[in-house]
Protein chains: 2
Amino acid sequence: MIAIGDVTRTLADEAYSRIRDAMHSGRLQPGQKLRFSELQELTDTSVTPVREALTRLTAEGFTELEGHRGYRVAPVSSQDLWDILRNRQRLESEALRLSIQHGDENWEAQLISAHHLLTRMDRERADLPTAADEQWEKRHAAFHEALIAACQSKVLLGFCNQLSARANRYRRLSVGVDDVPRDVRSEHRNILEATIRRDAETATDLLQEHFERTARMVDELLRHKW
Amino acid sequence: MIAIGDVTRTLADEAYSRIRDAMHSGRLQPGQKLRFSELQELTDTSVTPVREALTRLTAEGFTELEGHRGYRVAPVSSQDLWDILRNRQRLESEALRLSIQHGDENWEAQLISAHHLLTRMDRERADLPTAADEQWEKRHAAFHEALIAACQSKVLLGFCNQLSARANRYRRLSVGVDDVPRDVRSEHRNILEATIRRDAETATDLLQEHFERTARMVDELLRHKW
DNA sequence: CCGTCAAGGATTTTCGAAACTATTGCCTTC
DNA sequence: GAAGGCAATAGTTTCGAAAATCCTTGACGG
């Protein structure tokens, strides 16, 4: 049987993705109470898949649970944002350092490829509808994943994934608020170049700065909105 | 529904604890396939609580899931052990450093208290039945938690908790194999003393060494048994 | 003899209703 | 008018069985 890439998704997986997307897109607001009846409608499933999705989301910090009192979307706060950011800086820096140390040419090639795809979208991004933005998000995530992909630590990768997901949620809450027009493109390019020439010090510094700028931008909005 | 104090535990919580304990105690072996029928019997509940428990356990790395093919206890390996260990060293060292930096007298007091309770059990431990060992495990965990309790980072604490749980699983698989009779008591005392006198460098070094020795011991067994 | 395919059994996944808990609003009592 | 208890309601949690999926077995054809 040739079953490569033929992954069977359960309804629970589907529900998980949909609820997660609804939170990222703002359809479900931070702090909002989540009723099973609504989520069943949103995900077009029954109570069991919704419950499994919420259990997973809670374990990852996207929702909160109070026994017998139901779930709610995890609230946002400046404090939480910076807590996530600092740890992300710590862990992804370490992961990048390890990647630079262990990565082979194959890794380099993958990384350059991911970066190329990202730059291709950067050009068009500004005036495209949100549907294309979705695509940019994917490629952006892929690039950051590719940076640390060679770190050789499953555990570390898992933590980094979780943190970037939570950080991305914050970032997407502040879409459209570009007070400080950054040159994100060159930030990405500089990180890439330092990484390729195996300059771990510079690369990790740039990465941390990259994260910090985003966080400052999001924090700005957060203080106005909440 | 089981009510303890004013905290209401759901059957799913109960199932989670029971399955987790069964894995730690060796009742459920690494790699073993988990059938819902067995777990329903073990936890004395129905399919829904078992499913929720497994979802949580999977998110925490204790079990694994293959869509439509069921769950199994996460296998153990030397590689996984060291992956967990290295990250635990990284994260708990950082957390301890932050704790030493931010902790007040109240934290110190709590820490000393937790250590005292631990030493009280150390004396008797050797010749006590496994029931009392359970108590020692609790106090041991409490001491390590108290060390980093003042680190001011919810995210970091969460990661540390997860890693120590996974590390403890490994350690408990090798109970009874004390080839290298360590003086764990003095290791704990030295860590405590360095921490109290706010000597972060020494404290983190000792902590890392403490973890590493345990890992070496476990690894020894692992290579013989699996 | 080897590989492919289908049927049957075993197991997971999903559903809808029942059981249970928390909250709300009303009524009584002080 | 306020406080406390009681009933009704809204919501979560749990159950047991139906549906869907995977795995095994054995027959068939090349």
Side-chain angles (χ1 to χ4, degrees), chain A residues 1-20 22-23 27-60 62-75, chain B residues 1-20 22-23 27-60 62-75:
Chain A
M1 180 196 293
I2 306 169
I4 299 174
D6 173 32
V7 182
T8 53
R9 280 169 71 91
T10 63
L11 286 189
D13 293 329
E14 190 65 23
Y16 169 83
S17 303
R18 293 229 187 139
I19 296 175
R20 205 162 169 277
M23 291 192 319
R27 164 85 181 69
L28 299 174
Q29 288 290 309
Q32 179 179 340
K33 188 109 203 309
L34 295 171
R35 287 190 195 76
F36 278 87
S37 50
E38 291 176 25
L39 296 181
Q40 287 177 46
E41 200 174 350
L42 174 67
T43 62
D44 200 36
T45 62
S46 171
V47 77
T48 310
V50 169
R51 171 158 277 270
E52 178 163 338
L54 287 174
T55 304
R56 286 173 56 187
L57 288 165
T58 300
E60 292 167 4
F62 288 112
T63 53
E64 296 180 347
L65 165 67
E66 250 179 318
H68 280 289
R69 265 175 257 176
Y71 293 83
R72 60 178 57 246
V73 181
Chain B
M1 165 64 58
I2 301 160
I4 300 173
D6 59 351
V7 180
T8 52
R9 279 171 71 95
T10 63
L11 285 189
D13 294 329
E14 190 65 23
Y16 169 83
S17 303
R18 293 232 187 135
I19 296 175
R20 204 163 170 277
M23 291 192 319
R27 164 84 181 70
L28 298 174
Q29 287 290 309
Q32 179 179 339
K33 186 107 204 309
L34 294 172
R35 287 192 194 75
F36 278 87
S37 50
E38 289 176 26
L39 296 181
Q40 288 177 47
E41 200 172 351
L42 174 67
T43 62
D44 201 35
T45 63
S46 172
V47 79
T48 309
V50 169
R51 172 159 277 270
E52 178 163 338
L54 288 175
T55 304
R56 286 173 56 187
L57 288 166
T58 300
E60 292 167 4
F62 288 112
T63 54
E64 295 181 347
L65 165 66
E66 250 180 317
H68 282 289
R69 264 175 257 176
Y71 293 84
R72 61 177 57 245
V73 180

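Order of the sequence lines sets the chain letters (A, B, ...), proteins ahead of strands, with each chain counted from 1. Model, not experiment: these values are computed from the prediction. Heavy-atom basis, side chains included; hydrogens, waters and symmetry copies ignored.
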Grab the [atom1]-[atom2] distance between [X] and [N] for me, whole Å please.
X       : N      : atom1 : atom2 : value
A:Arg72 : D:dT12 : CZ    : C1'   : 14 Å
B:Glu38 : C:dT11 : CD    : P     : 9 Å
B:Glu66 : C:dT11 : CD    : C1'   : 14 Å
A:Gln40 : D:dT12 : CD    : C1'   : 11 Å
B:Leu65 : D:dC22 : CG    : P     : 12 Å
A:Phe36 : D:dT14 : CZ    : P     : 10 Å
A:Asp13 : C:dT14 : CG    : P     : 8 Å
A:Arg35 : C:dA22 : CZ    : P     : 17 Å

**Study point:** Runs of at least three consecutive pairs that involve DNA chain C, where pairs are Watson-Crick or G-U with distances under 3.5 Å
**Key:**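 Stem list for DNA chain C: C:1-30 with D:1-30.
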Check your understanding: According to a strict under-4.0 Å criterion, is A:Arg51 in side-chain N/O contact with OP1 or OP2 of D:dT13?
Key ->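 Yes, within the criterion.
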Check your understanding: B:Arg69 side chain N/O closer than 4.0 Å to the phosphate oxygens (OP1, OP2) of D:dC23?
Key ->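 Yes.
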Check your understanding: At their closest point, which heavy atom of B:Pro30 faces which heavy atom of B:Pro75, and how far apart are they?
Key ->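 Minimum heavy-atom contact is CB-CA, 4.2 Å.
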**Study point:** Residue pair B:Ala22 / B:Leu42: nearest heavy atoms and the distance that separates them
**Key:**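 Minimum heavy-atom separation between B:Ala22 and B:Leu42: CB-CD2, 4.0 Å.
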Point to revise | Nearest-nucleotide comparison on DNA chain C, the residue closer to the 5′ end among A:Thr10 and A:Gly67 | key: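 Between the two, 5'-proximity favours A:Thr10.
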Review point. If you check every side-chain atom of A:Lys33, which of C:dA22, D:dT12, C:dT12 has the closest atom?
Key: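 Output: D:dT12.
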Review point. Does any non-hydrogen side-chain atom of A:Val73 lie less than 4.5 Å from one of A:Gln29?
Key: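 No. Closest side-chain heavy atoms not under 4.5 Å.
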Check your understanding: Do other residues, nucleotides or ligands put more than 12 heavy atoms under 6.0 Å from A:Glu38 CD?
Key ->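 For A:Glu38, atom CD is crowded (more than 12 foreign heavy atoms under 6.0 Å).
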If you measure from [atom1] on [X] to [atom2] on [Y], what distance do you get to the nearest 0.5 Å?
X       : Y       : atom1 : atom2 : result
B:Met23 : B:Gln32 : CE    : CD    : 10.5 Å
B:Glu41 : B:Arg35 : CD    : CZ    : 13.0 Å
B:Leu39 : B:Leu34 : CG    : CG    : 5.0 Å

Check your understanding: Among all residues two or more places apart in sequence or in another chain, which pass the side-chain hydrogen bond (donor to acceptor under 3.5 Å, both in side chains) test with B:Ser46?
Key ->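 B:Ser46 satisfies side-chain hydrogen bond (donor to acceptor under 3.5 Å, both in side chains) with no residue once adjacent residues are dropped.
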Considering only distance and modelled atom types, tabulate donor-acceptor pairs under 3.5 Å from the side chains of residues 48-58 of chain A, sequence neighbours left out.
{"from": "A:Arg51", "atom 1": "NH1", "to": "B:Glu52", "atom 2": "OE1", "distance (Å)": "2.3"}
{"from": "A:Glu52", "atom 1": "OE1", "to": "B:Arg51", "atom 2": "NH1", "distance (Å)": "2.4"}
{"from": "A:Thr55", "atom 1": "OG1", "to": "A:Arg51", "atom 2": "O", "distance (Å)": "2.8"}
{"from": "A:Arg56", "atom 1": "NH1", "to": "A:Asp13", "atom 2": "OD1", "distance (Å)": "3.0"}
{"from": "A:Thr58", "atom 1": "OG1", "to": "A:Leu54", "atom 2": "O", "distance (Å)": "2.8"}
{"from": "A:Thr58", "atom 1": "OG1", "to": "A:Thr63", "atom 2": "OG1", "distance (Å)": "2.8"}

Practice item. Using modelled atom types only, decide if a donor and an acceptor are shared between the side chain of B:Arg72 and the backbone of B:Glu64 within a distance under 3.5 Å. Key: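 Side chain of B:Arg72 to backbone of B:Glu64, a donor-acceptor pair under 3.5 Å: no, none is there.
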Exercise for review: Applying side-chain contact (heavy atoms from CB on, under 4.5 Å), name anything that partners A:Glu14, two or more places apart in sequence or on another chain.
Suggested key: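 If we apply the side-chain contact (heavy atoms from CB on, under 4.5 Å) test to A:Glu14, skipping adjacent residues, the hits are A:Arg9, A:Arg18.
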Which atom pairs link the protein and nucleotides 15-20 of chain D when you take only N or O atoms and keep those under 3.5 Å?
{"from": "D:dC15", "atom 1": "OP2", "to": "B:Ser46", "atom 2": "N", "distance (Å)": "3.0"}
{"from": "D:dC15", "atom 1": "N4", "to": "B:Thr48", "atom 2": "OG1", "distance (Å)": "3.2"}

Check: protein-nucleotides 6-9 of chain D nitrogen or oxygen pairs below 3.5 Å:
none

